[in-house]
Amino acid sequence: MLRIQRSANGEVVFKLSGRMDEEDIVQLETLIRLETNGRRIVLDLKDLTVVGRDAVSFLDRSEVKGIALKNCAGYVREWITKSRGGT
């Protein structure tokens with residue numbers, strides 16, 4: 001189960017806690033899409049405990065779209081890099 005906390009102070013931060021699955025990704029994509037005020041969006045991954053292939057793909061797409069990934073675990077960053085064809 002994923003818990004999503006939103007805060008805004010110049011930028012919009014979604015703090016993610018728990019495990020992320022496909023349903024959570026759809027919900028998070030909707031929340032991000034609703035942010036139409038042009039502020040920078042940040043995903044704080046500090047308390048994200050489990051991610052799978054779908055979550056890594058979502059995080060990769062988000063970062064490509066300009067969404068910042070804060071406190072990204074090393075193994076998640078490595079998966080994102082590999083999914084982009086990096087080493």
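This one's a predicted model, so the numbers in the text were calculated from it and none came from an experiment. FYI, the numbering just counts along the sequence from 1.
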Side-chain donor-acceptor contact under 3.5 Å, Arg61 with Ser57: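 Indeed, the side chains of Arg61 and Ser57 share at least one donor-acceptor pair under 3.5 Å.
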Show me, pair by pair, the donor-acceptor contacts under 3.5 angstrom made by side chains of residues 43-50, not counting sequence neighbours?
from  : atom 1 : to    : atom 2 : distance (Å)
Asp44 : OD1    : Lys46 : N      : 3.1
Asp44 : OD1    : Asn71 : ND2    : 2.9
Asp47 : OD2    : Lys15 : NZ     : 3.4
Thr49 : OG1    : Gly18 : O      : 3.1

To the nearest 0.5 Å, what is the distance between CG on Leu2 and CD on Glu23? 11.5 Å
Value rounded to 0.5 Å, distance of CG in Asp21 from CD in Gln27: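 Asp21 CG to Gln27 CD: 10.0 Å, rounded to 0.5 Å.
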Is there side-chain contact between [X] and [Y], with heavy atoms separated by less than 4.5 Å?
X	Y	value
Ile25	Met20	yes
Phe58	Val51	no
Leu16	Leu28	yes
Ile67	Val42	no

Going hydrophobic residue to hydrophobic residue with side-chain gaps under 4.5 angstrom, can you get from [X] over to [Y]?
X	Y	result
Val13	Leu59	no
Leu69	Val64	no
Leu34	Phe14	no

Crowded around [X] [atom1]? As in, over 12 foreign heavy atoms under 6.0 Å?
X	atom1	value
Glu22	CD	no
Arg77	CZ	yes
Asn9	CG	no

Any idea which heavy atoms bring Val12 and Glu35 closest together, and the distance?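 Heavy atoms of Val12 and Glu35 come nearest at CG2-OE1, 3.5 Å.
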Short N-O contact, Arg84 and Glu63, less than 4.0 angstrom: yes
Ion pair Arg33/Glu29, N-O distance below 4.0 Å: no
